[in-house]
Number of protein chains: 2
Amino acid sequence: MDTSFLFHPAQAGRAGEDIALQIEAAILNETFQPGERLPSERELQTQFQTGRGVIREAIQALKQKGLIEIRKGASGGANVKKVDVANAGESLSLFLKQNHIDAGHVAEFRESVDRTIVTLAIARADETEKLGLVAEVEKLRTFLDQAEPDMEALGELDRELNIRLAKMTGNPIFEWVMRALQHGFSSKDYALYEDLAYREKTIINWCETAQHIAANEPLKVSSSIGAHYALLLQCVAKGAGPEATTSAEET
Amino acid sequence: MDTSFLFHPAQAGRAGEDIALQIEAAILNETFQPGERLPSERELQTQFQTGRGVIREAIQALKQKGLIEIRKGASGGANVKKVDVANAGESLSLFLKQNHIDAGHVAEFRESVDRTIVTLAIARADETEKLGLVAEVEKLRTFLDQAEPDMEALGELDRELNIRLAKMTGNPIFEWVMRALQHGFSSKDYALYEDLAYREKTIINWCETAQHIAANEPLKVSSSIGAHYALLLQCVAKGAGPEATTSAEET
DNA sequence: TCGCGTAGATTGGTCCTACCATTCACCGGC
DNA sequence: GCCGGTGAATGGTAGGACCAATCTACGCGA
């Protein structure tokens with residue numbers, strides 16, 4: 001492939017990062033297919049108009065992320081690797097992105113984690129925490145009256161609530177997983193809030209969930225969680241409904 | 001701190017990796033505390049007897065992993081960072097290691113994931129897969145008669161079984177999580193198999209679990225999972241009980 | 001005496017050049 | 001037609017030079 005047009009020179013005190021990002025973007029949007037070979041270091045050096053050390057640092061970063069693997073020798077170089085599930089050392093968000101994990105699977109996983117989280121939260125969090133959660137959730141209501149709510153703020157609040165809930169389990173792994181999921185998926189997820197009906201129902205659902213937690217009602221809260229994800233899947237299906245499905249699938 | 005004795009020169013075609021590992025080890029075993037400063041690049045260069053490029057690549061790798069952050073200028077350099085839960089972009093295994101997440105929390109998380117996995121596996125896997133699982137699990141029995149079983153092989157088989165089960169959900173995220181957990185925890189986990197009683201009970205439990213899956217008995221399988229983790233926690237508690245924890249462990 | 005600004009030292013960031021080690025493709029001899 | 005050698009391509013390492021950012025310390029002036 002002729003890649004001479006792809007990249008532009010990098011500048012400032014972080015040329016390495018910049019270059020790594022450019023290449024990573026090219027890989028993630030599949031300009032470079034798995035199995036393909038990146039240009040050699042010396043070639044990239046001229047394309048980016050930079051020293052070889054910088055190129056090497058960028059490549060090293062991609063290698064560290066598991067995006068490429070490197071072989072020496074003639075016709076060696078950096079091969080784009082399929083980030084398959086076996087590279088578990090890597091970040092969850094990268095895995096979700098490169099494999100186009102569909103929303104259904106993410107939702108399914110999140111639902112299972114959420115159910116455990118609320119159960120543990122009810123069992124372990126003290127009254128103060130539970131009431132604090134309820135108070136925080138109530139803030140969502142302010143978004144109900146607005147015709148054009150601040151999506152940024154709404155998404156942020158939703159994120160914080162999820163993390164707060166995860167913390168209430170007392171088990172840091174749940175918090176880690178929650179943050180990882182949101183890091184890898186937030187952009188897609190919160191776009192759903194654009195839908196008015198979804199927004200209203202979801203906010204109400206959040207309030208119910210928090211109240212059931214405060215009231216120590218594990219079964220009711222579990223039912224709320226179920227309702228939440230039913231809602232989410234329904235909204236996803238509707239949004240992607242007519243024809244967008246075909247392209248979204250994969251391998 | 002005087003660190004001149006800490007490191008030894010690296011060799012072969014991957015000096016950078018080697019050095020990164022040495023430094024990472026020093027950080028993880030807390031020879032370098034969070035907040036402390038690593039020696040400057042030029043110092044490390046003389047300590048490792050290598051070129052500065054190699055040092056920079058090693059440092060870049062650590063930065064990529066989120067273990068350090070780097071500032072320019074006098075009294076700048078590489079600062080050891082506390083990998084807290086907020087860096088969700090990072091790998092789960094690193095998080096487990098640096099934060100000394102205790103076995104109980106890991107077990108709790110695994111149990112919740114396992115319960116979901118078996119439920120989904122029953123619902124989605126076809127007969128062939130289920131019978132395949134049973135057949136594979138039966139191989140564990142061969143370890144029952146041996147006085148000195150090959151722990152390596154036993155651990156490996158256990159790992160494969162878990163992943164096989166995760167795959168049967170049809171949701172790649174579960175497989176990812178399972179692999180991440182095992183990557184970050186396997187060494188400690190499979191040491192438990194050293195205990196004869198635990199080994200026997202766990203193997204039997206595996207067989208039960210597989211059979212219940214093949215028989216499509218969600219409740220029974222859930223009960224098996226519960227039994228498994230009860231067993232595991234009990235064994236951990238016993239092993240960690242007196243004080244043997246300190247020395248006998250890993251590396 | 002106090003405060004501010006400048007000069008120097010420290011450290012990471014970049015560039016360059018040379019050389020080594022590995023691997024592969026091509027070519028010539030058997 | 002097969003085998004082995006040889007050279008080219010490519011990543012890996014070494015070392016030096018300079019730039020840019022940052023902190024420290026000193027000295028000048030109010």
Side-chain angles (χ1 to χ4, degrees), chain A residues 1-4 7-23 27 32 35-81, chain B residues 1-4 7-23 27 32 35-81:
Chain A
M1 186 199 310
D2 174 26
T3 61
S4 49
F7 305 123
H8 58 81
Q11 61 265 20
R14 16 147 107 88
E17 264 175 66
D18 192 17
I19 291 176
L21 285 178
Q22 284 189 52
I23 301 181
I27 293 178
F32 291 107
E36 243 179 296
R37 217 181 104 234
L38 258 51
S40 77
E41 294 181 356
R42 290 168 178 86
E43 243 174 282
L44 290 171
Q45 185 179 354
T46 69
Q47 281 188 31
F48 284 108
Q49 308 229 351
T50 181
R52 200 172 145 213
V54 176
I55 300 291
R56 283 186 61 78
E57 280 181 29
I59 286 184
Q60 147 78 31
L62 297 179
K63 181 174 122 200
Q64 221 290 354
K65 286 194 187 179
L67 282 170
I68 58 178
E69 69 184 348
I70 295 173
R71 287 199 321 269
K72 284 205 284 194
S75 78
N79 266 267
V80 178
K81 199 160 57 166
Chain B
M1 185 200 305
D2 174 25
T3 60
S4 50
F7 305 122
H8 59 81
Q11 66 268 13
R14 19 164 81 124
E17 266 176 64
D18 191 20
I19 291 175
L21 285 178
Q22 284 189 52
I23 300 180
I27 292 177
F32 291 106
E36 242 178 295
R37 217 182 104 232
L38 258 49
S40 77
E41 293 182 357
R42 290 167 178 87
E43 244 174 280
L44 289 172
Q45 184 179 353
T46 70
Q47 281 188 31
F48 283 107
Q49 309 229 352
T50 181
R52 200 172 145 214
V54 175
I55 300 291
R56 283 186 61 78
E57 281 182 29
I59 286 185
Q60 148 78 31
L62 297 178
K63 181 174 121 199
Q64 221 310 60
K65 287 194 187 180
L67 281 170
I68 58 178
E69 68 184 350
I70 295 173
R71 288 198 321 268
K72 282 205 286 192
S75 78
N79 266 267
V80 178
K81 199 161 59 166

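Every chain is numbered from 1 and lettered A, B, ... according to where its sequence line falls, protein lines coming before strand lines. No experiment lies behind these values; they were computed from the predicted model shown.
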Between [options], which nucleotide gets closest to the side-chain atoms of [X]?
X     : options                : result
B:R37 : D:dG12, C:dC15, C:dT11 : C:dT11
A:A74 : C:dC24, D:dG11, C:dC15 : C:dC24
B:S40 : C:dG12, C:dT14, C:dC24 : C:dG12

Would you kindly give the [atom1]-to-[atom2] distance between [X] and [N], to the nearest whole Å?
X     : N      : atom1 : atom2 : result
A:E41 : C:dC16 : CD    : C1'   : 15 Å
A:R71 : C:dC24 : CZ    : C1'   : 10 Å
B:I59 : C:dG13 : CD1   : C1'   : 12 Å
B:L44 : C:dG12 : CG    : P     : 8 Å
B:R52 : C:dG12 : CZ    : P     : 7 Å
A:D18 : C:dT14 : CG    : C1'   : 14 Å
A:I55 : D:dG11 : CD1   : P     : 11 Å
A:E69 : C:dT23 : CD    : P     : 14 Å

Tell me what [X] touches on the nucleic acid: a base, only sugar-phosphate, or nothing, going by heavy atoms under 4.0 Å.
X     : answer
B:G53 : nothing
B:R56 : base
A:R42 : base
B:G73 : base

Open item on the list: Which residue in the set A:L67, A:I27, A:L62, A:I23 passes side chain to side chain contact (heavy atoms under 4.5 Å, CB included) when paired with A:V80?
Closed with: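 Only match with A:V80 under side chain to side chain contact (heavy atoms under 4.5 Å, CB included): A:I27.
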Open item on the list: Quick check: closest heavy atoms across A:A20 and A:A61, and the distance to 0.1 Å?
Closed with: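 Nearest pair, atom of A:A20 first, then A:A61: CB-CB, 4.4 Å.
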TODO: Return yes if some donor-acceptor pair links the side-chain N/O of A:R37 with the main-chain N/O of A:G76 below 3.5 Å, else return no.
DONE: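 Here the side-chain-to-backbone pair exists.
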TODO: Would you check, one step at a time, whether the test salt bridge (charged side-chain N to carboxylate O under 4.0 Å, His left out) holds for B:E17 with A:K63?
DONE: CA-CA 11 Å; B:E17 266 176 64; A:K63 181 174 122 200; 3.6 Å; yes
Task: Nearest-nucleotide comparison on DNA chain C, the residue closer to the 5′ end among A:Q45 and B:L38 - done: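 Its nearest nucleotide being more 5', the pick is B:L38.
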Open item on the list: Under the salt bridge (charged side-chain N to carboxylate O under 4.0 Å, His left out) test against B:R52, which residue among B:E57, B:E41, B:E43 passes?
Closed with: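 Between B:R52 and the candidates, salt bridge (charged side-chain N to carboxylate O under 4.0 Å, His left out) is satisfied uniquely by B:E41.
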